[in-house]
Each structure stands twice: as C-alpha cells, then as structure tokens.
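Remember, it's 1-based here, ligands and their atoms both numbered in the order they're listed.
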Amino acid sequence: MEEAEFIWVNGEFVPWHDAKIHVLTHGLHYGTSVFEGIRAYDGELGTAVFRHREHLERLHESAGMFLMEIPYTVEEMQSATRELIVRNGLKHCYIRPIAMRGYGVMGLNPLEAPVDVVIAVWPWGAYLGEEGKAAGIRAKVSSWRRFGNDALIAHAKTSGQYLNSVLAKIESLKAGYDEAILLDVNGGVSEGSGENLFVVKNGVITEPPPTASVLDGITRRTIHALAAESGLVIESRSIARAELYLADEVFMTGTAAEVVPVREIDDRPVGTGLPGPITKKLQGMYDDVVNGRNPAHLDWLDPVVVGQG
Ligand code: PPE
C-alpha cells in the first residue's frame, strides 16, 4: 500500500509508523470492529469527501447494532478527517475510519472493553484495476454463500464479517477470476466480496432486496438517485443465478470499486461481453458527481478546505 504521513488515533495525529495497537486488542481476536471506506476526490470544489456524513452515520449505525458506543460524533470525525487529509497533503485518497473494541478484557463479552477510534487516509487507485473499470471484469459465483441474516448483520460493516468475503475473494482469484459473486442462503444473488451488484435486462435494472444479506451500499444509494434522474427504474427483488447468465448488463458498485462493468460470469459472456449502455451511462454520471461536475449534487461533497476549488 501507499503510505501517508499521519494517522488520527483517538484524537491525536500520530506519525504513520507509530500508529500501533496492543496485541491483545479485542477487535484483533474476535473481529469486534466496525469500519468504513470513503473516498475524497480532487474535483471542481478542490479536494472533497464524497457522502462523508452518510458514511460516518453508517459507521455509527454499524456500531450501534453491536452495542458499541463510538466516543466521537459524526461531525467530530468529519472535521478530524478533513484535517488529516490536509496534514497529509493529499489531493485525493481513500479514507478508512475504524472503531474497535480495544485492550483490557479477553473473552467474548466486548461490552467492558474500551472503544478505540482510528482514521487513516492513503492514495488508493482503481480497486478492480483500470482495465476492469474500462472493459469490465470476470466474475465467478462463489461456492461460499453470503452469511445469513440470522447469523450476522449484513447491514453492519463489521470487520469479523469480512472473513466471508475473504474466503470468496481468495477462491475467485485462485480460480483465475477478478471477483466473486456470492449467493445468499436461499440461493438468490447477493453481492460481490466488496461491492453491491445490479443486473440490467430489457432496460430495467434489478438489485437484490435488503433481505438478501447485502450491505446497504452508499454507492448503491447514489446509483438509485442517478438512475431515477435518468428515468431508469430499479427493481428490488430476489434474483436467480440464471438471471446473471441471461442479463444484458451486470455491474458492481462500491466506494473502492466505484462503478465496474462485469463482462463475464462463470465463463459466460454478459450480454455482448462489452460494457453496456446503462452501465456506461451510470458510470459516467457517478464520475461527474464525485468530481463535482454535477451542480445538482454538490451537497454530496464535503470540501476539505472551503473555497479551495
Ligand atoms: N458490499 C460489501 C460487502 C462491501 O464491502 C462494500 C464496500 C459494498 C457492498 C459497497 O458499499 P459502499 O462502499 O457503501 O458503496 N466495500 C468497501 C471495502 C473494500 C475493501 O477492500 O476494504 C469499499 O468499497 O470501500
């Protein structure tokens, strides 16, 4: 990874290599941490964080569902992040806030453990490769099912839950694909290892419902708004695996990945095998909003320095 100079740790700006935790940190042993992935873009407003508040609200909601109290408000974390980006001299970056159950107790009851909060920023390029973004990626339906809603909480972005994604990601890479598509416990399509998924057929966009063990992605929410503004309909319903094979277009969305066409699934070309018109349109619209080129959505951008652009 690319390093930056400072990491924000419990209110202090600490040199990158001094930002350390105790080896008996609860979150390290039991996965009891919640985190976010956010991006700052160097666009028309200068450096600005995309949907900053929504991401930090989701962080607090994730924590709440695990009865963890984050000792900093959304506003405090927003201003800490803006200052961290400035201190690191970054124009664009990925932002990783994490709140973890800290050091002091062992055993499965986390409620007595302190909560430590860290924010790191660093430059992170195209998550699934520049070529993947332009030409589409090859995906494989994973043999690992996405965990059920009665086992874990897909709506929470919790570290421990990512072992499920890690298994699927390793399997897909070892088999020679770029990304995994996980089915839910009922066999319906769920999502990628780190992205939401959309299927396009006959001009209609479909996505798995909230009950399909998906993360309520913020990129996904952005796609909903942009699709509505383009007169495109998004249906939310259970999707059969075969619908992936019969689709005109499939695309994935995530903060790290952004909007990525899927050109092949299980060795079957998706549609023509090239990125389709709806995917390309939404990808372009997404690129415009994150870079401050859509005047209607400047409210989604939190400028790091006001009046910089
Ligand atoms: N599903 C999963 C499982 C997921 O991890 C992400 C984000 C999404 C959907 C899309 O959510 P959103 O970013 O709010 O649109 N994955 C993050 C972590 C990637 C990583 O490797 O770390 C991300 O994109 O930042």
Apply salt bridge (charged side-chain N to carboxylate O under 4.0 Å, His left out) to Glu112 and list each qualifying residue two or more places apart in sequence or on a separate chain. none
Excluding sequence neighbours, so at least two apart, what forms side chain to side chain donor-acceptor pair (under 3.5 Å) with Lys140? none
Who passes side chain to side chain donor-acceptor pair (under 3.5 Å) against Asn88, sequence neighbours left out? none
From CA spacing to verdict: side-chain hydrogen bond (donor to acceptor under 3.5 Å, both in side chains), Gln78, Asp302: CA-CA 9 Å; Gln78 260 182 296; Asp302 180 18; 3.3 Å; yes
Any chance the rings of Phe35 and Tyr162 have centres within less than 6.0 Å? yes
Can you produce the list of protein nitrogen or oxygen atoms under 3.5 Å from a nitrogen or oxygen of ligand 1, alongside each distance?
unit_1, atom_1, unit_2, atom_2, d
ligand 1, 1 (N), Glu191, OE1, 2.9
ligand 1, 5 (O), Lys157, NZ, 3.4
ligand 1, 5 (O), Tyr162, OH, 2.4
ligand 1, 13 (O), Thr255, N, 2.9
ligand 1, 13 (O), Thr255, OG1, 2.6
ligand 1, 14 (O), Arg58, NH1, 2.9
ligand 1, 14 (O), Arg58, NH2, 3.0
ligand 1, 14 (O), Ile218, N, 2.7
ligand 1, 15 (O), Ile218, N, 3.2
ligand 1, 15 (O), Thr219, N, 2.9
ligand 1, 15 (O), Thr219, OG1, 2.5
ligand 1, 16 (N), Lys157, NZ, 3.3
ligand 1, 16 (N), Gly194, O, 3.3
ligand 1, 21 (O), Tyr127, OH, 2.5
ligand 1, 22 (O), Arg96, NH2, 3.0
ligand 1, 24 (O), Thr255, N, 3.3
ligand 1, 24 (O), Ala256, N, 2.8
ligand 1, 25 (O), Tyr94, OH, 2.5

State, yes or no, whether a side-chain contact exists between Val289 and Thr222 at a heavy-atom distance under 4.5 Å. yes
